[in-house]
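In what follows, every chain begins at residue 1, and chains take the letters A, B, ... in the order their sequences are listed.
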Amino acid sequence: MTGNADILLTVDTVSKKFSRNLRKSMAYGIGDLLRISLGIQSNKNELKEKEFRVINKLSLELKRGDILGILGVNGAGKTTLLRLISGIYSVDEGEIQVNGKIVSLFAATLGMHPLFTGRENIYVRAAMYGLSRAETDKRIDAIIAYAELENFIDSPMGIYSSGMRARLGFAIAIHADADIIIIDEGLAVGDMGFRAKAFKTLRELKEQTAILIVSHSISQISQMANRIMVLEKGEKIFETTQVQKGIDYYINNCIHSAAVAGSASSDSGLVSSTLFSKNQKTSESNESLQLDHGDELGVEFAFRTPAATDKLVIQLELVNSKLETVAVVHSETAKFKVNQPGNSHQIRVVIPQLPLRADKYKINITVRNSENDLPVVIAHAIHSFVVKSGVHSTAHVQLMALWSQQHFDPHTSST
Amino acid sequence: MKFQKKYSAHSKEKLGFLAAVQIFFSDIITYRSLIWEMSKMELKAQYKNSFIGVAWLFFMPLINVAIWLLLNNGGIFNPGNTEVPFTIYVIIGSTCWIFFFALQDSLSKSIVQGSHQFLLSEFPRMVIMCQKATTHLVTMILPVILCFVVLFLFGIPLTPKVLIFPLTLLPLFLFGFALGLLLSLLEVVAVDLAKALNRLLSALLFLTPVAFTPDRPSGMLSVIVKYNPLSYLVCVPREMLLPGAFTMSNMYLAGAGVVLLFFIFSLRTFYAAETKIMERLSV
């Protein structure tokens with residue numbers, strides 16, 4: 001580890017353990033409280049009964065300008081790592097050194113009160129980020145404008161939609177002079193338009209800050225990150241500055257084992273899925289359909305939601321071999337609504353004429369609860385297909401059009 | 001650098017008593033604006049939805065007093081020679097008791113009730129405790145005004161001692177704050193123990209000379225009253241508002257000294273243990 005002034009964060013062989021059993025956890029807590037209150041120090045770090053290491057001897061360094069994308073399936077230790085860095089959890093082994101102000105976006109609306117106006121809440125939330133009233137006064141117009149809440153800012157926050165609250169929380173956070181920004185499980189900040197604006201802002205903030213982003217969305221990570229770290233069972237199993245290489249590693253070594261199509265996957269929420277075209281069909285994730293440009297492509301998938309609901313929005317992402325999301329198929333675009341409330345849903349999506357150029361593609365499925373924008377199903381690279389034919393072009397999409405030749409009479413046409 | 005931090009294994013456990021006091025005052029100074037903004041928000045929120053609003057602040061001590069008056073008038077107990085009308089004696093005593101009890105109660109429940117905020121806050125958790133204490137201090141202004149109004153109505157003259165009345169409440173405040181800090185941690189990991197201690201503290205009301213004079217009890221109760229530090233911490237502030245000379249000043253000072261040491265012990269324990277305890281909250 002160097003003493004470089006631009007190093008904002010150093011995590012040095014850090015470990016963290018938790019107990020699987022609540023009663024044991026509380027019993028250990030009483031022991032800790034008694035020991036600490038009596039001033040008895042302990043340097044022991046061995047695992048007690050029912051304990052396991054959620055982070056194990058993990059190290060990383062973050063400099064200004066870094067956008068580190070942390071990838072890992074559920075239970076890999078991503079959120080614990082972020083909470084250790086934020087000082088929310090205590091370190092059991094190793095050391096974390098923070099040389100700047102941390103602003104976490106995983107609780108951007110924390111402490112805001114529905115009975116108070118957006119303006120009143122700005123002052124309180126900004127004070128939580130360490131800004132004085134005078135400092136907030138200087139920023140408040142910019143915050144309101146950024147959140148696009150000029151017409152609602154003096155109304156109680158109770159009447160705001162969840163998207164409006166999230167926008168306000170995000171706007172305050174990015175005006176809080178952060179050195180390190182922490183984003184957990186992607187950015188749930190309102191509609192697609194605002195999300196794009198939020199991403200743009202974060203990319204612009206890159207020069208002044210370091211950003212740590214944890215997300216299930218490979219496309220979000222690939223759009224933003226300039227470094228990738230892959231976690232598995234609390235350990236760093238891969239780290240690279242080549243984003244594509246990092247994502248490839250994650251897809252090939254982590255996701256395929258976690259979200260195998262055709263089998264129940266408690267991790268992703270997906271129960272089964274089938275990819276089909278006119279004469280082909282597959283339920284296997286390692287089998288690719290071979291298509292021509294303009295062929296029909298369909299996906300049929302079943303998933304379970306944690307609670308019975310029909311408030312769902314569904315998105316399919318088509319990701320090319322360079323891991324660029326080249327097309328999305330969204331239920332809202334088609335004005336499709338899930339009309340059977342329940343825990344189990346089966347959906348069929350058909351693209352009549354696939355307009356993509358020749359390449360190999362993978363499909364990601366995300367299902368969100370439209371009321372709180374939280375994901376209920378996240379399944380990446382569930383299927384792949386190859387488009388064999390198409391005109392050579394750098395454009396991702398080759399649109400199908402209706403062509404015809406018209407009679408041309410040079411005497412009647414004018415210039 | 002202002003935001004430079006280092007977390008290492010067991011580093012907080014090495015925290016000394018004086019360092020804990022330093023951090024405490026540094027937190028108050030750094031986050032004074034947040035403490036005030038959050039207090040205003042909690043106070044406004046408490047009474048914004050309430051039909052009778054701040055009148056609740058009068059009702060709570062009045063209900064307490066009404067019960068004592070009922071018991072006294074019914075001849076169930078003899079409070080001893082109070083020298084001033086019993087109503088005044090019990091109103092001031094109850095106010096001092098509530099000043100202590102409500103503070104520890106508010107702090108001890110704060111972590112479990114606001115677990116999400118406690119666990120995910122960017123600022124030190126002690127700031128939330130200080131905010132609860134500030135809210136409590138503001139809330140207590142009205143009951144204290146009520147004491148003065150009653151004194152005026154009964155024609156009891158105020159003496160210069162009244163000037164040090166707020167100062168004499170300080171040990172009660174520190175005791176309530178210190179107990180609240182420790183109980184808040186216990187509420188997370190030892191719910192049963194915390195509940196038992198809470199009941200014990202509620203029962204202390206009857207073992208503290210709030211509605212009777214300290215020399216009235218006999219037998220076992222007189223021993224408990226004598227060794228209960230709250231006896232002196234409650235009686236001395238009341239004496240400041242009533243005519244007559246100082247009594248129990250030595251015992252009061254000794255009690256205040258013990259409370260100060262307990263306060264420092266609690267601060268140190270809270271700062272050293274809070275992260276280890278709060279990470280057991282499931283959020």
Asker: Measure the shortest side-chain to side-chain distance between B:Phe265 and A:Ser37 over non-hydrogen atoms and say whether it is less than 4.5 angstrom.
Answerer: yes

Asker: By a 4.5 Å heavy-atom criterion (distance strictly below it), what part of A:Arg23 contacts chain B: side chain, backbone, both, or neither?
Answerer: neither

Asker: Would you mind telling me which of B:Leu182, B:Leu193, B:Val189, B:Thr275 has the largest number of heavy-atom pairs within less than 4.5 Å of chain A?
Answerer: B:Val189

Asker: Less than 4.5 Å apart, any side-chain heavy atom of A:Ile36 and any of B:Arg268?
Answerer: yes

Asker: Applying side chain to side chain contact (heavy atoms under 4.5 Å, CB included) between B:Leu185 and each of A:Ile30, A:Leu33, A:Asp32, report the one that passes.
Answerer: A:Leu33

Asker: Just give me the residue among A:Arg35, A:Glu93, A:Glu120 that pairs up with chain B most often, heavy atom to heavy atom, under 4.5 Å.
Answerer: A:Arg35

Asker: Mind checking the NZ-CD spacing from B:Lys6 to A:Glu95? Nearest 0.5 Å is all I need.
Answerer: 4.5 Å

Asker: What are the two closest heavy atoms between B:Arg125 and A:Ile88, and how far apart are they?
Answerer: NH2-O, 3.2 Å

Asker: So for atom NZ, which belongs to A:Lys48, do other residues, nucleotides or ligands contribute more than 12 heavy atoms lying within a distance under 6.0 Å?
Answerer: yes

Asker: Within the distance-only criterion (no hydrogens, no angle test), does the side chain of B:Arg280 pair as donor or acceptor with the backbone N or O of A:Ser25 below 3.5 angstrom?
Answerer: yes

Asker: Using the side chain to side chain contact (heavy atoms under 4.5 Å, CB included) rule, take A:Asp92 and B:Lys276 through it: C-alpha gap first, then chi angles, then the decisive distance, then the call.
Answerer: CA-CA 10 Å; A:Asp92 286 334; B:Lys276 260 204 161 351; 3.5 Å; yes

Asker: Quick one, A:Val98 and B:Tyr7 - any side-chain contact, counting heavy atoms below 4.5 Å?
Answerer: yes

Asker: May I ask you to say whether A:Lys16 pairs ionically with B:Glu279, meaning some side-chain N is under 4.0 Å from a carboxylate O?
Answerer: yes

Asker: Atom CE in B:Met41, atom CG in A:Leu115: separation rounded to 0.5 Å?
Answerer: 9.0 Å

Asker: Select one option (side chain, backbone, both, neither) describing which atoms of A:Phe18 are under 4.5 Å from chain B's heavy atoms.
Answerer: side chain

